[in-house]
Amino acid sequence: MAAYPGTPATEILEYASRLPEMYSEWSVNEKVSLEVCIGASLAGSRALCAMKHVGLNVASDALLTQTLIGVGGGLVIAVADDVGLSSSQNEQDSRFWGRFAHVPVLEPSDAQEAYNLTRFAFDLSEQFNTPVILRMTTRICHVKGVVTTSERRPHNSGVGFQKDPARLVMIPTNAKHRIPLMYQREERLQQYSEESELNFIKEGSDSRIGFVTSGPVYMHIQEAYPEAPILKLGMSYPVPLEKIRAFAAEVGQLVVAEEVEPILELEIKAAGVRVLGKEILPRIGELAPQVLRPAIGPLIGEAPADKPTPTQSRANVPEVKVPPPPPGSSLFPRPPTMCVACPHLGIYYCLSKIRNKSISGDIGCYTLGAGHPWNALDTTICMGASMGVALGLDKGRTDVDKEQKIIAVIGDSTFMHMGMQGLLDITYNRGNVTILLLDNRAVGMTGGQDNPGSGRDIHGEVSPRVNFAKLCEALGVKPERIHEVNPYELPTMFKALREEVKIEDTSVIITNQPCVLVDFYAAKPPLRVEDEKCTGCKNCLDVGCPAIYVTRRETVVKPNGKEKELAFVRIESSACTGCNLCPSTCGPDAIVPVENFVRR
Amino acid sequence: MSEHKITNILVAGIGGQGVMTAAEILAQTALAQGYDVKKTEVAGMAQRGGVVTSHVRFGDKVLSPAIPPGEVDILVGFEPAESLRWCSHLRPDGVAMVSTTRQEPPVVSLGLFDYPEDPVGQMRAADIHMHAFDAGAIAAGLGNFRLVNTVMLGAISEYLPFAPEILKNVILERFRKHKPKLVEINEAAFEAGRAAQATA
Ligand SMILES: Cc1ncc(C[n+]2csc(CCOP(=O)(O)OP(=O)(O)O)c2C)c(N)n1
Ligand code: SF4
Ligand code: SF4
Ligand code: SF4
């Protein structure tokens, strides 16, 4: 099993890696993880790679040709869509890949089905000589439920790697012959889907509405409309159109309820079956019971609960009482923050103080630098994009941006995932970009997994640790333009940054302190604020450490008549790890160690 | 609560407070009692100070893992403002168990937003049946802030469709396995939570 972490798919490999008899690895990106699985499958082993939805974009190059060659051992791609965007840069529908690659898509609707369908996917893969996509969503991956497991069976073809260049070497002459085979396979799968028990009807006594659905929406419909008949697609591609046509004939109105895009809907409509879909259901987010009810209700004569019916609001009730907003509806937001003592804090403190800059950012904890108090990121697109975007900002600039300093911020894991190629492009094309490579020895954002920068494998065993300075040098950055700095030492950081943005060349500043989540992170005795010394200047708040909090605000009038707002602060000692970043922002030296502290 | 087939518990707080652990323990206990159980998180970047909620549902047969708004039987609020944020998800006859230990987010420290003067008062004014007490102070009094979790579980134990002792044993069993030194103090925390609920 191979994977690159990504919410909500990360836990798949984290749990699977506990099986000692199975090979598992964190790969550097999703494309590599799929390629490793392709190789393992050809070697005769069953293989699964897991990724979040955007990961399959990265791996798609491999997938779209892999589908031509077929498999040795069963090959399954588990992909998790972040329906509702709880932690992703977009919301996309991985079911499209089934169509694009002409491979079957299986969709579990709960934990038990996720288990059953994963097992089944391997058999299907081997039976039809095809990779299989197991499409899940957050509501499958981040749910725990009762699962009955069955006996584990080791699988291996026993025949080893079978050399067969006409099938495995995809040059045009060979690929040409494989394409018809792929289409034939898809036709057989179409037939299979029509007959498969994975696509079954849950009978219901109230057939005014019949639903076609897949994935967790199956559960939501049963909760909202327990009596409605449902055609549940466990294998949602190829679409069993004849089964759907027959089902449609037995219900009053057919509704297709799918997360996220109207994919089944368009295919059902193209088949000439009358169906309602995204005309009434939202195209964004989960189709939870509270979302289904107001959409479906009007079809069966139930008025949506929260809107008064027209007669009520006009004649009968002269004064419409507007219900008070529910308590808590106007509460402050609580966005995620960087951790107390995060090594990224110092960098953003410095970046927020530099003028005339454009900062291209990337994806990781440091994306939070776009928020308060730093506001120090100007773009975030996809993993690795900070590099190319920075070069583009440099090369594409017009006179108005002549003085602008172009800075890119990227994490270690993101750099190794997709950033290295971008850096090579910058050096090759002599870009004037200052790159901050934040090496915190972990994939922080997804929970602190190991990677080639941590020097440990998925089981915590020692493996070679990449040397970022040498790597950047090998990619063409001049050695004198590479600096390694401790991000807790603000003066050193400032000096390196101010110097490098002035020099018209590619420079890399590498930070070298670990994420606080890693197991070897060593907390030091905490600090506190001496109330008598604190002048309320608010400087330390610009660090953005969540351990620093305001106790009292005051507005004073300065001698020049201007008003100034003061905020007096304290440090939450039980949270502070003594990273010693904030004291250097405090002019009056009000931040001092806690004496005789005992950490529990 | 017996008239509903499904018991719905919403645990709400802030990333890092132990919301997910509390939910996990509740789910495990219900599972051991023979219920069908589903638990789900609606947390984005959970570790980093954002809003975290965990849904625990158990009964004869649980379908959708997330609790629809307005169907929460028990709200376990690890923080007063977060309790206020989620209290409208309660059933009219639901109960909120609220820790009054305030945690102001950086956006409040930076002066961009205000923290409500009296979140508990606002909930009372909205006629929400609740018990509110300072679980943080109780935990700190017992010597460890992390005990908040056990204090809160102790507090809701009287409202569950099984005996408080059953939940307590599951918690203590976890500690017996992993951190035997902490069994005694967690038992005290559980009982302190129970006592606080009874008088709050
Ligand atoms: C293609 C793709 N795969 C995975 C993810 C999920 N993801 C977001 S950030 C991140 C890694 C962040 O690690 P790093 O760059 O080291 O920064 P840190 O969070 O440690 O600061 C991952 C895996 C994603 N957004 N896109
Ligand atoms: S997880 Fe690590 S990198 Fe992410 S905010 Fe926390 S300390 Fe920083
Ligand atoms: S020393 Fe300052 S910046 Fe570092 S953890 Fe403590 S309060 Fe936060
Ligand atoms: S920087 Fe020092 S003086 Fe200024 S608010 Fe912070 S602790 Fe007080």
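Quick note on labels: first sequence line is chain A, next is B, and so on, each numbered from 1. The shown structure was predicted, so the numbers you read here are calculated from the model rather than taken from an experiment.
Enclosure of atom NZ in A:K202 by more than 12 non-hydrogen atoms of other residues, nucleotides or ligands within 6.0 angstrom is indicated. Counting heavy atoms of neighbouring residues, nucleotides and ligands inside a 6.0 Å radius, atom CD of B:E117 does not exceed 12 of them. Other residues, nucleotides and ligands place more than 12 heavy atoms under 6.0 Å from the CD atom of A:E554. Within 6.0 Å of CZ in B:R174 there are more than 12 heavy atoms belonging to other residues, nucleotides or ligands. Crowding of B:E184 atom CD: a count of heavy atoms from other residues, nucleotides or ligands under 6.0 Å not exceeding 12.
For A:P327 against B:I128, the heavy-atom pair with the smallest separation is CG-CD1, 4.4 Å. Between B:P116 and A:L331, the closest heavy-atom pair is CG-CD1, 3.5 Å. In this structure, A:T337 and B:G49 approach most closely via the heavy-atom pair OG1-CA, 4.0 Å.
With a 4.5 angstrom heavy-atom cutoff, A:I221 does not touch chain B via any of its atoms. For A:C365, the part lying under 4.5 angstrom from a heavy atom of chain B is the side chain only. If you measure heavy-atom distances from B:A81 to chain A, the contacts under 4.5 Å come from both the backbone and the side chain. Proximity to chain A is limited to the side chain of B:L31, based on heavy atoms less than 4.5 angstrom apart. Neither the backbone nor the side chain of B:F58 comes within contact range of chain A, judged by heavy atoms closer than 4.5 Å. Only the side chain of B:P106 comes within contact range of chain A, with heavy atoms under 4.5 Å apart. Neither the backbone nor the side chain of B:V56 has a heavy atom closer than 4.5 Å to any heavy atom of chain A. A:P289 touches chain B through its side chain: at least one heavy atom from C-beta onward sits under 4.5 Å away, while N, CA, C and O do not. The parts of A:P333 that come within reach of chain B are both its backbone and its side chain, each placing non-hydrogen atoms under 4.5 angstrom from that chain. Both the backbone and the side chain of A:E223 come within less than 4.5 Å of a heavy atom of chain B.
With respect to chain A, the highest number of heavy-atom pairs below 4.5 Å among B:A27, B:A125, B:G111 belongs to B:G111. Ranking A:R553, A:E572, A:H372, A:M338 against chain B, the residue ahead of the rest is A:R553, based on heavy-atom pairs under 4.5 Å. By number of non-hydrogen pairs under 4.5 angstrom with chain B, the leading residue of A:A111, A:G544, A:P546, A:P373 is A:P373.
At least one side-chain heavy atom of A:R334 sits under 4.5 Å from a side-chain heavy atom of B:E79. A heavy-atom distance below 4.5 Å is found between the side chains of A:F332 and B:P105. Residues A:D110 and B:P65 are not in side-chain contact: their nearest non-hydrogen atoms beyond the backbone lie 4.5 Å or more apart.
To the nearest 0.5 Å, atom OG of residue A:S109 and atom CG of residue B:L63 are 9.5 Å apart. Annotation: the span from B:S109 atom OG to A:L541 atom CG amounts to 6.0 Å, rounded to 0.5 Å. Here the OG atom belonging to B:S64 is positioned 7.5 Å from the CD atom belonging to A:Q290, to the nearest 0.5 angstrom.
Remark: the backbone N or O of A:H142 is paired with a side-chain donor or acceptor of B:T40 at under 3.5 angstrom.
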